[in-house]
Amino acid sequence: MIKKRIIPCLDVKDGRVVKGVKFKGLRDIGDPVEMAAYYNQELADELVFLDISRTESGHQMMLDIIEETASKLFIPLTIGGGINSVEDISILLKHGADKVSLNSSALRKPELIAEASQKFGTQCICVAIDAKWEEDKQDWFCYTHGGKQRTDKRTLDWVQEVEALGAGELLVTSMDYDGVKQGFDHRLLSLINDRVSIPIIASGGGGNAQHFADLFKETDVSAGLAASIFHDKETTVGAVKAFLKEEGVEVRWQ
């Protein structure tokens with residue numbers, strides 16, 4: 001049995017970790033380097049670092065912060081936000097990233113997924129998907145630019161496309177559930193899981209340890225990602241893992 005992963009996420013804007021609800025109302029959380037060091041000690045399996053200001057405004061990559069963050073970690077680091085080329089990916093991997101997360105750029109030019117996976121290996125390429133339910137269309141659609149711009153791409157079609165192009169992993173955020181802390185979007189995640197064979201990281205809605213247990217029992221995703229509950233010390237990664245073990249869910253212990 002493949003052990004499930006618990007992954008904290010740092011949404012970084014202008015060099016600071018922030019968090020909102022449904023991608024809105026961002027509040028300052030802290031310093032990314034300090035928080036990375038904390039999560040490295042707290043049994044996190046991986047860390048995701050999303051530079052949300054880069055996608056919005058197109059500023060230069062925060063290579064100094066990324067490199068310093070990576071220096072604090074003995075766990076895999078995934079970097080995302082405003083990555084537009086194979087050259088960008090190469091720079092990030094040289095500055096400490098173990099994987100990269102593509103979202104807006106992948107939707108804009110899907111060939112980047114294929115080029116990147118061929119050059120660096122599928123294990124380095126994660127495609128992030130911000131999905132929102134559209135009542136009038138009765139379907140989920142992909143959003144870009146930090147959840148601000150809707151595309152015409154249907155989520156369930158897109159996940160199959162990116163797997164075919166060479167993505168090694170998906171990071172799926174349900175925008176409707178993001179920051180609400182009422183549990184993960186099992187319906188969306190199960191439908192995606194039925195369509196792909198690559199690992200899925202579930203994001204959006206994790207509010208307590210029970211939500212993670214429900215996620216892993218009711219869907220076949222590989223990992224659960226959360227931000228605010230860990231940032232605000234409502235619980236810890238270690239406490240979630242201990243609860244999952246009691247519930248019979250296999251997790252990694254370092």
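The structure displayed is predicted, hence computed values, not measured ones.
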> Any donor-acceptor pair under 3.5 Å linking the side chain of Lys241 with the backbone of Leu43?
yes

> Got a second to check how far Met175's CE is from Leu188's CG, nearest 0.5 Å?
12.0 Å

> Set out, in order, the CA-CA distance, both residues' side-chain angles and the distance that settles side chain to side chain contact (heavy atoms under 4.5 Å, CB included) for His231 and Leu10, then state yes or no.
CA-CA 9 Å; His231 298 342; Leu10 305 180; 3.6 Å; yes

> Short question: side chain of Lys119, backbone of Ala114 - any donor-acceptor pair under 3.5 Å?
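Such a contact is absent between Lys119 side chain and Ala114 backbone.
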
> When you look at Thr155 and Ile192, which way does the side chain to side chain contact (heavy atoms under 4.5 Å, CB included) test go after all the steps?
CA-CA 8 Å; Thr155 301; Ile192 291 174; 4.2 Å; yes

> Is it the case that the side chains of Glu218 and Ser190 hold a donor-acceptor pair, with the cut-off being a distance below 3.5 Å and no angle test?
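There is no such pair (donor and acceptor under 3.5 Å, judged by atom type) between the side chains of Ser190 and Glu218.
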
> Can any side-chain N or O of Lys109 pair as donor or acceptor with the backbone N or O of Asn84 at less than 3.5 Å?
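Yes, the answer is positive, given that a donor and an acceptor are paired below the 3.5 Å cut-off.
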
> So, taking the atom named OH in Tyr143 and the one named OG1 in Thr151, what distance separates them when rounded to the nearest 0.5 Å?
8.5 Å

> Would you say Ile200 and Phe212 are hydrophobically clustered, going by side-chain heavy atoms of ILVMFWY under 4.5 Å?
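Both belong to a single hydrophobic cluster.
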
> Distance from Trp158 atom CH2 to Leu107 atom CG, nearest 0.5 Å?
4.5 Å

> Can you tell me how the ring of Tyr39 sits relative to the ring of Phe230, calling it parallel under 30°, perpendicular over 60° and tilted otherwise?
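Tyr39 and Phe230: perpendicular rings.
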
> Taking it one step at a time, do Lys72 and Glu34 satisfy salt bridge (charged side-chain N to carboxylate O under 4.0 Å, His left out)?
CA-CA 8 Å; Lys72 304 293 183 183; Glu34 292 177 2; over 6 Å; no

> Looking at Thr219 and Leu215, would you say the former's side chain and the latter's main chain have a donor-acceptor pair under 3.5 Å?
yes

> Roughly how far, to the nearest 0.5 Å, is the CD atom of Glu169 from the OG atom of Ser101?
9.0 Å

> Contact between Leu47 and Leu73 at the side-chain level, heavy atoms closer than 4.5 Å - yes or no?
yes

> Where is the tightest heavy-atom contact between Val221 and Ala202, given as atom of each residue plus distance?
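Minimum heavy-atom separation between Val221 and Ala202: CG2-CB, 4.3 Å.
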
> When you group the ILVMFWY residues by side-chain heavy-atom contacts below 4.5 Å and let the links chain together, are Leu92 and Val33 in the same group?
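Same cluster: Val33 reaches Leu92 through Ile, Leu, Val, Met, Phe, Trp or Tyr contacts under 4.5 Å.
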
> Quick check: closest heavy atoms across Ser203 and Leu171, and the distance to 0.1 Å?
CB-CD1, 4.0 Å

> How about Val159 and Trp140: do any of their side-chain heavy atoms sit closer than 4.5 Å?
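Result no, sub-4.5 Å side-chain heavy-atom pair not found.
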
> When you look at Val172 and Leu189, which way does the side chain to side chain contact (heavy atoms under 4.5 Å, CB included) test go after all the steps?
CA-CA 8 Å; Val172 179; Leu189 294 164; 4.1 Å; yes

> Contact between Lys153 and Glu161 at the side-chain level, heavy atoms closer than 4.5 Å - yes or no?
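Yes, side chains in contact.
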
> Which heavy atom in Ala97 sits nearest to a heavy atom in Ile79, and how many Å separate them?
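Minimum heavy-atom separation between Ala97 and Ile79: CB-CG1, 3.6 Å.
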
> Taking NZ in Lys137 as the centre, count heavy atoms belonging to other residues, nucleotides or ligands within less than 6.0 Å. Is the count above 12?
no

> What's the shortest heavy-atom distance between Val86 and Ala116, and which atoms?
CG2-N, 4.3 Å

> Determine yes or no for a side-chain-to-main-chain donor-acceptor pair under 3.5 angstrom, with Asp176 supplying the side chain and Trp133 the backbone.
yes

> Between Asp152 and Arg154, is there a side-chain N and carboxylate O pair less than 4.0 Å apart?
no

> For the pair Ile129 and Asn103, evaluate side chain to side chain contact (heavy atoms under 4.5 Å, CB included) and give the outcome as yes or no after the intermediate values.
CA-CA 6 Å; Ile129 298 171; Asn103 187 344; 5.9 Å; no

> Please check if Tyr38 and Val17 belong to a single hydrophobic cluster, counting links between Ile, Leu, Val, Met, Phe, Trp and Tyr side chain heavy atoms closer than 4.5 Å.
yes

> Within the structure provided, determine whether Asp45 and Ile75 are in side-chain contact (heavy-atom separation under 4.5 Å).
no

> In terms of hydrophobic clustering (I, L, V, M, F, W, Y; side-chain heavy atoms under 4.5 Å; direct or indirect links), are Ile91 and Ile66 co-clustered?
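Shared cluster, yes.
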
> Does Lys94 pair with Glu87 as a salt bridge, N-O distance under 4.0 Å?
no

> Determine whether Ser174 and Phe184 make a side-chain contact, defined as any pair of heavy atoms from C-beta on separated by less than 4.5 Å.
no

> State plainly whether one hydrophobic cluster holds both Phe141 and Leu156, where clusters connect Ile, Leu, Val, Met, Phe, Trp and Tyr through side-chain heavy atoms under 4.5 angstrom apart.
no

> Looking at Val18, is its backbone amide N or carbonyl O close enough to the side chain of Asp28 to form a donor-acceptor pair, meaning the two atoms are under 3.5 Å apart?
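A pair under 3.5 Å: no.
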
> I need the minimum non-hydrogen distance between Pro199 and Gly168, along with the two atoms involved.
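Shortest heavy-atom separation between Pro199 and Gly168 comes out as CD-O, 3.2 Å.
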
> Hey, is Glu46 close enough to Lys99 for a salt bridge, meaning N to O under 4.0 Å?
yes

> Indicate whether the side chain of Glu135 and that of Gln138 have a donor and an acceptor atom separated by less than 3.5 Å.
yes

> So do Lys132 and Arg150 actually touch side chain to side chain, heavy atoms under 4.5 Å?
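They are not in contact (no side-chain heavy atoms under 4.5 Å apart), so the answer is no.
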
> What is the distance from atom SG of Cys9 to atom CG of Leu50, rounded to the nearest 0.5 Å?
4.0 Å

> Is Arg16 reaching over with its side chain to a backbone N or O of Val12, donor-acceptor style, under 3.5 angstrom?
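Side chain of Arg16 to backbone of Val12: no pair is present.
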
> Under 3.5 Å, side chain of Asn40 to main-chain N/O of Ala36, donor-acceptor pair present?
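Here the side-chain-to-backbone pair does not exist.
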
> Using modelled atom types and a 3.5 Å cut-off, is there a donor and acceptor pairing between side-chain atoms of Thr173 and backbone atoms of Asp130?
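Flag not set: sc Thr173 to bb Asp130 has no pair under 3.5 Å.
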
> Testing the basics here: between Ala167 and Val127, what is the closest heavy-atom pair and its distance to 0.1 Å?
CB-CG2, 3.7 Å

> Side chains of Ser104 and Gln149: closer than 4.5 Å at any heavy-atom pair?
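Not touching, per the 4.5 Å side-chain cut-off.
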
> Taking the side chain from Glu250 and the backbone from Ile2, do they hold a donor-acceptor pair closer than 3.5 Å?
no

> Atom CD in Gln182, atom CG in Asn208: separation rounded to 0.5 Å?
9.0 Å

> Compare all side-chain heavy atoms of Lys4 with those of Ser222 and state whether any distance is below 4.5 angstrom.
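Heavy-atom side-chain distance check fails, nothing below 4.5 Å.
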
